[in-house]
Each structure stands twice: as C-alpha cells, then as structure tokens.
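All ligand and atom numbering here is 1-based and tracks the order in the structure. As the structure is a computational prediction, the values presented were derived from the model and not from experiment.
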Amino acid sequence: MSRSSLVRFTGALAVAAALLAAPCMGFDLDAWTRAVDTPQVGGKVELAGPLDLGWITVKPRPGCTVRELEANGSRCGLLFDGPAELTVTITDRFMLPVARRNIRKATSLKASGGDHGSLRIVEPLKGAVVWGLELPVPPATGGGDHTATLPGWLAKIFDDPIFTHPSHELAEEAFEGAHGTVVALFHGEDDDLLLDQNPIIDQLEELFVVKKIPSRDAVNGGRAYIVPVAAQPIGRHWWDHVAAPVIATAEDLSVTNPSGQQVTVKAKSTLRAMRGGVGLWRVALAQRTRKERNVYPVTVRSVLVNGKPAPWIHQDNELLVRLYPAPAPGATFTVEVEHEGNFAIRPAGDAYWALGTWPWYPQPALNAELARLDLHVTVPKELKAFASGDTVSRETKAGMNVLHTHLDGPVQFPVVAAGDYHVFSDTRDGVHCDVATYVFGKKKAAKLLLDFFFSAIKIYDGYFHTPYPYKEMHIVEINQWGWGQAPPGVIFITQEAFSPLSNTINQIFSQGINERIAHEIAHSWWGHVVKMDSSEEQWLTESFAEYSAALLLQSAAGSKRKGERLFNKVLTSWRGGTSMIGDGASIYLHGYMAADDDAGAMDRIRVLYNKGPLVLHAIRLRLEKKLGTKQGDRYFWAFFRAFLKHDGGGFGSTEDLVAILNRITGDDWHPWFERYVYGCETPKIK
Ligand SMILES: [Zn+2]
C-alpha cells in the first residue's frame, strides 16, 4: 500500500478512533496507557501480504502467527508471533549518508544499495510488536486465544526504558488526531529496532536501534535506550517546519526549597490551542533526580486544567494531560501542575543547587514554548537565589529569601540557581550584571568578568545592531570543571573562569576560557533573540555563538595583526575538528547521528562547534569573492543583522538565512545550503 492510500485508509478509521477517544467522566488516563503498553493478545489476523508501513514492511515467515492486540475495547496493534522479515527502504537524499554512517557505527545491520541511490535493510526477525489504532489490515478471524501472551523479549525492553512507552504516541493518535501513528518493536536476529512513525504531529518517521546500558553502571545498568539509525520527514522537506499543536504563552513558576534537597514546584502554564481537536498536552517533566548513586522520585501532586482536576500520567520523563473537551482553535487555557522532589541536589557536599535547562517544570517542546515568564523562588536564608528574568523584588519573608523575576518574553527554558554565593555587581548603560562566585569572594576574577561582559555586549551590539536583549545578566559559578550554559539572562560557568591560574587542572580547563565566556554571552543573541524550534536548527544557536565569539576575540585582541592571528588560530582548530568527523555528518541532521559512544558524541559536538562556524566563514568568503573583501564583509554583517531582526524574538530558521542571502545577493543560495548545511559536504577554505 502506498503512503497516500495508507493516509486515506486511516482517515476512514478516524471515526473509530474518535469513539475510542471520547472519555466518560472520571476517565482514567493511567489505566488507558497501561492497557496500551501491555495489551491483550487477541485473535488471528490473515494478512494478504506484508504489513506495509510505507518505508517499512514486515512479512510473516512460515511458523509466524499474526494476532490482534487489544486495549480499551479496541484493536491497538499486531503481534508477529514467530519469524518474520523486516525491510527498510531509506530514500531521503539528506538522510542516506547519515544512515549509512549510523548503520556502520551503531548496528550489526547489513545495508545494500536499492533503486535510485536508496538504501535497503533486510533483517530477519524473531518476532515483532506493532502498535497503531488504525493499522491498514483486516479484522481478526475468530476469537482470541487466551493462552497467547506478549513475548518475554518485549517485557525486558520495557523494563524501565530510557525512552517513552508506545502509549504516549498512541495517546496523541487517540486524543490529538495524530492519525496514522505507528510504534513498533522489531526483535531482530542481530539487533532490536524501534520504529516511531508520526505523520501528523512530528511529520516524521524514525528508526532506532535499541541498546542496553552496561550493568557496570550502578544507577542505570540494564535499562534500554535508543540510538538513531534513520529518519525521514513525512510529506514535507526537512526544512519545512512543523507547528506545535499547543503553545505556552506564559509560565508562572513558583519554586520553593524549604530546606535540604526538597523542592516544591507550582507551575501555571497559559496555553493556546493552535488548531482544533487537541485533547492532550504532552510535555517533558523529569521523573527522578540523582545524586551520585542515590536516585529520588519526582512526585506530581495535582494537575488542574482551567482550575479543575484533569486526568494525567507522569511516566518516562513526560507528563500527559487530557484536555477534555478539546479547546477550540485559538482558545487560551491554563494547566497548573504541582510537583515535588529532591530537585535541590547539591553536588558533593556543595552549598548550591541549579535547575538548568532540563525539564524540572512541565517543559514544552522547542517549538511550543514562547512564554512570558514570572518566577518566584523561595530559599533558606543562607542561600542567594538567581533566576531567568529581570528582578522584580528580593525580600525576606518568614526567615526565607524570596526572589521574583519577570520577562515579557518570549522565553524558552527558564532556569533557577541558589547557593552560598558572593555577588559582585555593576550597572552600565542600563544593563545590570551580577557575578556570583561560589563560597569565596573572588573579587579580582569577578571584576574581570564584569568588564568582559560589558565590553562583550558593546562589541556584539556593534556587530549585530541589536542591543543585549535583557536588562539583567547573572553569571553564576558552578563548582565543576569545563562547561558553560546560557539560558535566558543567566550564564552558568564552571570554576576555571574564576580562579587564578594556580594549578594544572585549572590551566588545562582555562585554555580558551575567554572564548567560552564570549560564546555563552553570544547566546543572548543566538538562542534568545533568535530561537531554535527544533534540534535541526541548533546550529543557529551553537555555530553562530561560536563564530561570534571568534570575532569578538579578534576585535578585542588589541592590534589588527594579533586579532587576525587569533582568528586564524580558531579557524585552524575548526578545520582540524571538521576533518576528524568523517562521512555522514550533516549540520542540519546532526541530531540523527548515532552518538552512543564518546567518539559519536564528540562528532556531534564537532559538527556544531567546528563545521558549523566553518560553514559561516565559507559564506563570508563566498560573499567576499563575489563582491570584494570590503563589500563582501559588509554584506556578511547585513546578513547577520537581518537575521536577528527578522522575526522579533521568535523562531529563526535556516530557510530564513537562505532567503536573506538570496535577497541581498540576488543569487540562489539553496543549492549551496543543500550541500553544506542540509547535506554532508564540507566547504573548502584555504
Ligand atoms: Zn553554546
């Protein structure tokens, strides 16, 4: 069955799904999802041919019985009880090299070339389970065989996996109109594979290989996780963006740490339905926190929709909330979630904690959070609190420190930190900056950082013609080594930024510390003025911040010659890093590169932090070649500026870059981007 006929076929079954989706009062979402994840095995199904899911087919072999799976009074899938043959055909031209790399590096699968440069995997299966409310197959013949049960291999994979159970996808199909959703587990001779096919909400089909964390990992040993093998957009180009069904327009977050690690979070999200029929709110929410070998649960206390209790489940680091009746298109509604847990993890006896960019509050997908922000943070009086946003008030109430911050937004992933900090502050040209040093008042280092911050935002403003977007910045020291993070209005930076170069470990990590801070400050533009709505667009934040940091160091070097030398040194390191990545490394599809070992993870980093800035430099050189150095450079800056201005704090996209370059040069840049950004080629730079 072709894809278009599959869509028509499933459309006819929408009525059945709608019936299934209509809950009576007291609907139990928990029971619904449990039934889907551990369905009843029903009667035999006679397939006329292989199960055809478009790019994937499953063909029963002799000795295989195909049976219905049932949950909540309807068919929810098929069991291939016995040997079968899986065929995967990958045709997307941008995915082909990435998939080839993944298959070679992360699987035991054998792939061969198919028609028109496609890639074909044929894998013998020992069994398969396919979930879907609208699978294109006939009903069962005869009644259920009550002796048949789910296979044992399935239970092993679903014993506390580090990915979501099928019910989360199927809930979207049942309650959110995500027709044609399919989740499948293929128990292969060589590898177990997971299929996630979502034609409506993600408009994406993805295949993963299932792996197990080695048992030597004391906390997560034995848990199954997934590594990408291949993915293809459904009915769109990679660069066509997918709109979220629901967008968070305001987040009121109250974070209370009465003592110790205990934190209660009350999160009120104001949401807008972007279309009709959205009967589900699906967001990320951490399931547990961890300190060394200790694991603590996160407990959801209550969920209210428009002030009334609503069905919900909290499972696999996600919160699913039933919206019934579904809000009208364009309607605004609120979801209030109260949860608590040991969020205030203080590493190794330290006196600080940080709620970073991970889902410590009900966190929408990247394309679903454009929020006005109010944060209320209450901490014991020996701690000082910092949070995204501009300070509204700081006060002491009942012996506790209370901070209220606000940002008109739109904002993604707000953060909070609190600790035994010494704070050094300055206000210049209307921008206030706090530098919070941990435990010791590191006055000299803090003063240097303040100077660095204020000169950096001046230089960036000069480059970008867009001022620093907030009234405040809080640079907070984290008592670890070697990383930085720049959520809105806050920079978490590790201690080498603050310490005099007194010992070896410091010297190792301090290499390039200016570059790192320059990079984090640049995120105020690349990440917050221009936001990313998907992991595909992550180079708009990381590669642009990296390139901007190199330019900042160049212009702050003191002399033209010194500046050029510095820039060339960075350029050489980008080239070196890029040359180590190997084939199948697409900037746009870096998130689909298998990264289940250190080498793979390093390659993803090199794509964003080495190849991405190298491609930006290649754009600059191409402009200079066409227009001369001076004019080309002016056009390059015009390109950066136009991009920062074009959407007023919303989501940027690579296609916007192409459109701006087309406009200012009169050339068609799309083929160039298809080679170097969407595709896997590396531009040659002398
Ligand atoms: Zn970054």
note = From the list Trp669, Trp672, Trp539, Trp239, ring-ring contact (aromatic ring centres under 6.0 Å, His included) partner of Tyr678 resolves to Trp239
task = Report the name of the N/O/S atom of Glu542 located nearest to the Zn ion (ligand 1).
result = OE1
message = I'd like to know if the side chain of Lys611 reaches the main chain of Glu681, judged simply by a donor and an acceptor atom lying under 3.5 Å from each other, with no hydrogens or angles considered.
response = yes
ask   = Within a reach of under 6.0 Å around CG of Asp429, are more than 12 heavy atoms found that belong to other residues, nucleotides or ligands?
value = no
ask   = Pick one: which of Phe464, Phe636, Tyr609, Trp526 meets ring-ring contact (aromatic ring centres under 6.0 Å, His included) with Tyr547?
value = Phe636
task = Would you check if the Zn ion (ligand 1) lies under 2.8 Å from any N, O or S atom of Glu546?
result = no
query = Looking from the Zn ion (ligand 1), what is the angle between NE2 on His523 and NE2 on His519, to the nearest 10°?
reply = 100°
